[in-house]
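Here's the structure, in structure tokens; my notes come after.
Bear in mind the structure is a predicted one, so any value in this text is a computation, not a measurement.
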Amino acid sequence: MRRSRVRAMDGASDAGEVRASRLQMEDERFEGPEHKCPALCDSLHGCVHDRENSPAMRAVLCAQVCKLYRFQTEDQRWLLVREQLSETPLSFSLPKRLLSILIHEHSSRVQDVKELSDLPLHWDGLRRDVLGHCNHLISCYQETLAELHQLSALACFKSSSSRSDRHLQFAPTNLHSQRMEVTSPDSPGVWYEIITFGAPADHHQSFKHGGLKRLLSKHAPHSHSSASFSRAECSRARALLSSMAQLQPLVFGLAEELLSVSLEQKATSLQRVLDSLTQQTELFIEELQDELVKRALLAAHSRFPASVHNHSNGSVCDATAAAQEQQPSPHDYGEEEWDRTWTNVGKILSCIIAMVKRLQERENRPQALMASEQQEAPGETGSEQQEAHGETGSEQQEAPGETGSQGAVSPCFSTCASSWQEQLLPLVVTLRDCVREAVDQARAAMTFVVLQAAVGLTVGQGPAHVVQRRHAVFSQALSAVVCGFVLKLHGSLEDRDFLQQLHSVGVLAQFESLLSTSGDELGMLEDMEVGVADLSEVTFSITEAKTEEAGDLLPTLSGTWGSLVVNVPVPPEDFVSLPQELKGSLIRLHPVHFNIGINQQQSLAERFGDSSLQERVNQENYERLKTYCTALRHRLPALPGIQALPDLLLSLDRTVDSRKRKNVEVLWLAALVCRTVNGVRLTSCKSAKDRTAMSVTLEQCVILRERHALGRQHFTSALDCMRRSRLSWGHMLGCYSPSGVAVSGFDTEERPSDLHSLWIPQCLAPKAPRRHLYPVAFLLVTSHLLVLWLILSLVILLAKYQ
């Protein structure tokens with residue numbers, strides 16, 4: 001007799017205890033004490049107790065439904081198989097966090113654009129476009145977030161009947177974790193996970209005008225700018241604007257202080273102020289030398305030549321003629337113009353330093369002459385004193401001549417207290433003019449960067465409804481892949497090879513879809529292609545959980561759109577055992593996506609339509625998969641099973657190029673490669689019910705046959721048994737309506753007609769009742785009759801018009 005604790009649907013509290021004296025699978029049963037392999041139940045019970053009751057698993061899984069099977073192997077031994085179907089609170093927790101990040105990001109962008117100074121007419125129009133775009137998205141996202149917050153705290157599932165609800169468009173449809181544990185007398189339980197969910201798509205906006213791929217291609221030629229700037233450059237531009245706002249008044253203040261101190265004619269005070277002015281001005285020049293300023297000025301002049309003016313005065317320490325040369329037109333603006341602007345600031349600073357040095361030298365020289373006169377005889381003649389004074393005066397007249405084109409100053413600085421200020425004043429005024437001109441141009445350039453970056457991240461991505469659709473599709477795909485990664489991580493915390501793989505090359509996520517390339521499902525495939533590709537910018541970070549409460553063990557999001565980081569907390573005792581290089585480091589996500597349509601619409605598309613989208617998706621993602629496997633082989637050549645990758649990839653390449661109709665071998669080989677490299681497996685169709693169930697059950701039975709020696713004579717019975725359990729689970733969880741469901745497993749919404757059900761590949765087709773079978777001859781003739789009718793119609797039309 002076995003005792004098991006029963007938990008509530010939320011997985012958080014005990015509901016009671018169940019005592020089982022025997023287990024039954026179909027018509028076969030084995031008694032508890034007398035069955036042939038008692039180690040099976042002992043191993044399974046220990047695994048269930050240790051793994052399923054851990055806080056980390058209870059945090060990400062809920063509403064678990066389990067079923068046990070016993071299958072015979074080739075050597076007449078027994079396998080105990082445990083299937084577990086679970087929902088996850090990540091279906092709503094991650095979309096809520098993503099919405100909060102998007103609201104915050106767009107609000108910050110609105111604030112940045114509003115803080116820009118008065119803009120020219122052209123730029124102000126772009127600012128209004130950005131503000132309108134962001135405010136619309138903020139309003140929609142705030143409303144959606146408020147609706148999600150009103151849901152029950154225990155809500156963790158979005159059914160397929162709600163996939164078109166506007167306030168649920170960010171939540172994935174039918175997201176489940178389907179896990180299988182296989183226990184044999186020779187080995188402990190081995191787990192296999194597959195994440196199933198409805199294809200990430202925006203059903204609320206429907207697919208009348210296609211999916212994301214088509215919509216983005218329509219809006220791609222519409223560009224608001226010839227220059228593009230990254231988020232990092234935008235952040236640098238905001239930092240430069242802030243730096244200019246601080247340094248300009250500081251330089252001006254020190255320049256005024258230099259003039260005030262010059263009245264005192266104290267060399268030490270003058271040198272102290274000059275040192276401070278030199279330090280701040282050099283820092284100012286260093287900021288101006290940023291290549292971003294130059295590139296932005298060139299881009300701004302090329303796009304809006306009348307909005308940015310150049311007021312360069314030439315080299316202030318050169319001859320006067322250099323300052324009077326004609327200014328270049330905005331169209332002739334080049335890199336040397338900006339270089340001359342910030343160089344002028346450095347040159348005038350050098351002139352000020354030289355002038356102060358000369359003033360200090362001449363202050364010390366009369367003092368030395370007076371000291372020597374006191375030591376000489378009093379018989380010195382007045383003519384000699386006049387000669388010395390005239391010599392000093394001539395030197396004083398040389399100083400201002402060396403300062404360039406600023407004119408002469410009074411030569412009587414030794415006798416007039418204001419002479420120092422009079423000589424420094426023209427240079428200080430010129431310094432202020434040069435600094436002001438450089439600040440104006442740098443501010444205009446950085447304003448252009450901030451504005452263009454805001455345009456590129458908002459209006460440049462397409463209309464607001466397209467951006468909202470992209471965010472919603474991404475949210476659905478993100479929730480599914482995070483669920484798969486968390487389960488993979490918690491199941492491999494003791495696998496050092498897997499942890500090293502995470503640090504070295506990242507984790508692979510293989511999306512398998514069964515969508516056709518016609519009708520609405522073509523739009524879904526276009527949505528899913530973009531959503532999966534956007535996941536390549538996502539990274540994971542393993543963090544230490546504060547407590548073992550469920551709320552502290554749920555993954556969170558940080559960062560911004562395009563650089564999101566998923567923080568995955570683990571219990572403290574597990575975090576301590578992690579390799580040091582993995583703690584706090586970013587783990588890259590490598591998503592790949594393979595699609596093979598298997599329903600009757602795909603048959604029509606392949607005969608009379610276009611399946612080029614499916615072929616392109618499979619070919620491009622094969623290249624991405626090959627790149628990941630190549631990097632993995634180079635960095636971890638000793639990883640178990642990695643030597644078989646070249647042959648698997650070669651077979652997959654040939655299969656993808658074969659262009660065979662409904663070639664499900666592409667999906668099998670891609671799944672095999674994914675499991676070989678410890679990747680995350682995700683399967684989807686329109687609603688993650690019929691086609692997904694057929695694919696998952698087939699994959700599970702193939703795993704039992706290939707890895708656990710399931711008897712070939714028991715393969716079909718095991719497959720039928722698992723597929724019947726999927727139907728009962730669907731009724732239990734609300735995926736299918738209780739009435740009107742055929743034994744084949746297709747619900748009333750998507751169940752094909754009796755004829756069309758046989759268009760599914762034989763390996764994936766459910767076992768239908770005999771009353772659903774039609775004569776084979778009729779099936780063979782139907783398609784040919786349709787082709788013949790089309791040919792005859794064409795002949796009649798040609799004859800009529802001739």
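Among pairs with a residue in residues 276-285, none fulfils side-chain hydrogen bond (donor to acceptor under 3.5 Å, both in side chains), at least two apart in sequence or across chains. Applying the salt bridge (charged side-chain N to carboxylate O under 4.0 Å, His left out) test to residues at least two apart or on different chains, the pairs with a partner in residues 236-250 are Asp112-Arg238, Arg236-Glu287, Arg236-Asp290. For the salt bridge (charged side-chain N to carboxylate O under 4.0 Å, His left out) condition, the pairs that include at least one residue of residues 136-145, sequence neighbours left out, are Glu143-Arg166.
For NE2 of His149, the number of neighbouring non-hydrogen atoms (other residues, nucleotides, ligands) closer than 6.0 Å is greater than 12. Within a 6.0 Å sphere centred on CZ of Arg127, heavy atoms belonging to other residues, nucleotides or ligands number more than 12. When the shell of 6.0 Å around CD of Gln289 is examined, it contains more than 12 heavy atoms from other residues, nucleotides or ligands. No more than 12 heavy-atom neighbours from other residues, nucleotides or ligands sit within 6.0 angstrom of NZ on Lys357.
By the 4.5 Å heavy-atom criterion applied to side chains, Ser585 and Ser541 are not counted as neighbours. The shortest side-chain heavy-atom distance between Lys294 and Asp339 falls under the 4.5 Å cut-off. Side-chain contact between Phe284 and Leu250 is absent, with no heavy-atom pair separated by less than 4.5 Å. Contact of the Leu215 side chain with the Arg470 side chain is not registered, since no non-hydrogen atoms from C-beta on lie closer than 4.5 Å. Contact of the Val428 side chain with the Ile348 side chain is not registered, since no non-hydrogen atoms from C-beta on lie closer than 4.5 Å. For the pair Gln441 and Thr341, the minimum side-chain heavy-atom distance is below 4.5 Å. Under the 4.5 Å side-chain criterion, counting only non-hydrogen atoms from C-beta, Leu270 is in contact with Leu258. With contacts defined as side-chain heavy-atom distances shorter than 4.5 Å, the pair Val130/His133 does not qualify.
Although no hydrogens or angles enter the test, the distance criterion places no donor-acceptor pair under 3.5 Å between the side chain of Ser139 and the main chain of His136. A donor-acceptor contact shorter than 3.5 Å links the side chain of Ser577 to the backbone of Asp574. With hydrogens and angles disregarded, no donor-acceptor distance shorter than 3.5 Å links the side chain of His104 to the backbone of Ser100. Of the possible donor and acceptor atoms, none in the side chain of Ser475 sits under 3.5 Å from a partner among the backbone N and O of His471. Judged by distance alone, the side chain of Glu233 and the main-chain N or O of Ser230 form a donor-acceptor pair under 3.5 Å. Judged purely by atom type and a 3.5 angstrom limit, Glu105 uses its side chain to pair as donor or acceptor with the backbone of Trp561. One N or O on the side chain of Thr458 and one on the backbone of Ala454 form a donor-acceptor pair closer than 3.5 Å.
The two residues Ile101 and Thr560 make their nearest non-hydrogen contact at CG2-CA, 4.4 Å. When all heavy atoms of Leu240 and Val293 are compared, the pair lying nearest together is CD1-CG2, 3.8 Å. The shortest non-hydrogen separation linking Phe229 to Ala453 is O-CB, 4.1 Å. For Met244 against Pro249, the heavy-atom pair with the smallest separation is O-CD, 4.2 Å. Of all heavy-atom pairs spanning Leu292 and Ala237, the tightest one is CD2-N, 4.1 Å. Nearest heavy-atom pair across Leu586 and Thr539 is CD2-OG1, 4.0 Å.
Under the side-chain hydrogen bond (donor to acceptor under 3.5 Å, both in side chains) criterion, Arg272 pairs with no residue at all, not counting sequence neighbours. Residues meeting the side-chain contact (heavy atoms from CB on, under 4.5 Å) test with Leu636, sequence neighbours left out: Gln500, Gln501, Ser504, Leu632, Leu639. The side-chain contact (heavy atoms from CB on, under 4.5 Å) search around Val110 returns Lys114, Leu131, Cys134, Asn135, Ile138, not counting sequence neighbours. The side-chain hydrogen bond (donor to acceptor under 3.5 Å, both in side chains) test applied to Ser107 returns no partner, not counting sequence neighbours. Residues satisfying the ring-ring contact (aromatic ring centres under 6.0 Å, His included) criterion with Phe540, sequence neighbours excluded, are Phe485. Remark: Arg432 engages Glu256 in a salt bridge (Lys or Arg N to Asp or Glu O under 4.0 Å) (not counting sequence neighbours). His590 pairs by the ring-ring contact (aromatic ring centres under 6.0 Å, His included) definition with Tyr628, not counting sequence neighbours. For Glu115, there are no salt bridge (Lys or Arg N to Asp or Glu O under 4.0 Å) partners, not counting sequence neighbours.
Here the straight-line distance linking atom CZ of Arg109 with atom CG of Leu457 works out to 4.5 Å at 0.5 Å rounding. In this structure, OG1 in Thr556 is found 8.5 Å from CG in Leu94, a value given to the nearest 0.5 Å. Here the straight-line distance linking atom CD1 of Ile352 with atom CG of Leu431 works out to 4.5 Å at 0.5 Å rounding. Within the model, atoms CD of Gln452 and SG of Cys234 stand 11.0 Å from one another, a figure rounded to the nearest 0.5 Å. If you take CD on Gln423 and OG on Ser262, they are separated by 10.0 Å, rounding to the nearest 0.5 Å. Leu126 CG to Leu116 CG: the interatomic distance, rounded to the nearest 0.5 Å, is 11.5 Å.
Salt-bridge formation is not detected for the pair Arg295/Glu291: no Lys NZ or Arg NE/NH1/NH2 atom is positioned less than 4.0 Å from an Asp or Glu carboxylate oxygen. We find that Arg128 and Asp124 are joined by a salt bridge, their nearest charged nitrogen and carboxylate oxygen being less than 4.0 Å apart.
Ring planes of Phe170 and Tyr141: perpendicular class, angle over 60° (limits at 30 and 60°).
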Please evaluate residues Leu589 and Glu537 with respect to the criterion side-chain contact (heavy atoms from CB on, under 4.5 Å), reporting the C-alpha separation (whole Å), side-chain torsions for both, the decisive distance (0.1 Å), and the verdict. CA-CA 8 Å; Leu589 175 63; Glu537 304 297 331; over 6 Å; no
With side-chain contact (heavy atoms from CB on, under 4.5 Å) as the criterion, how do Glu437 and Asp433 come out once you've worked through the C-alpha distance, each side chain's angles and the decisive distance to 0.1 Å? CA-CA 6 Å; Glu437 177 188 358; Asp433 292 341; over 6 Å; no
Candidate pair Ile587 and Leu582, rule side-chain contact (heavy atoms from CB on, under 4.5 Å), full reasoning: CA-CA 8 Å; Ile587 302 170; Leu582 199 59; 4.0 Å; yes
Quick one: do Gln468 and Cys140 satisfy side-chain contact (heavy atoms from CB on, under 4.5 Å)? Show the steps, please. CA-CA 9 Å; Gln468 186 175 356; Cys140 293; 4.0 Å; yes
Show me the donor-acceptor pairs, under 3.5 Å and distance only, between side chains in residues 564-572 and residues at least two apart or in other chains.
unit_1	atom_1	unit_2	atom_2	d
Asn567	ND2	Ser558	OG	3.3

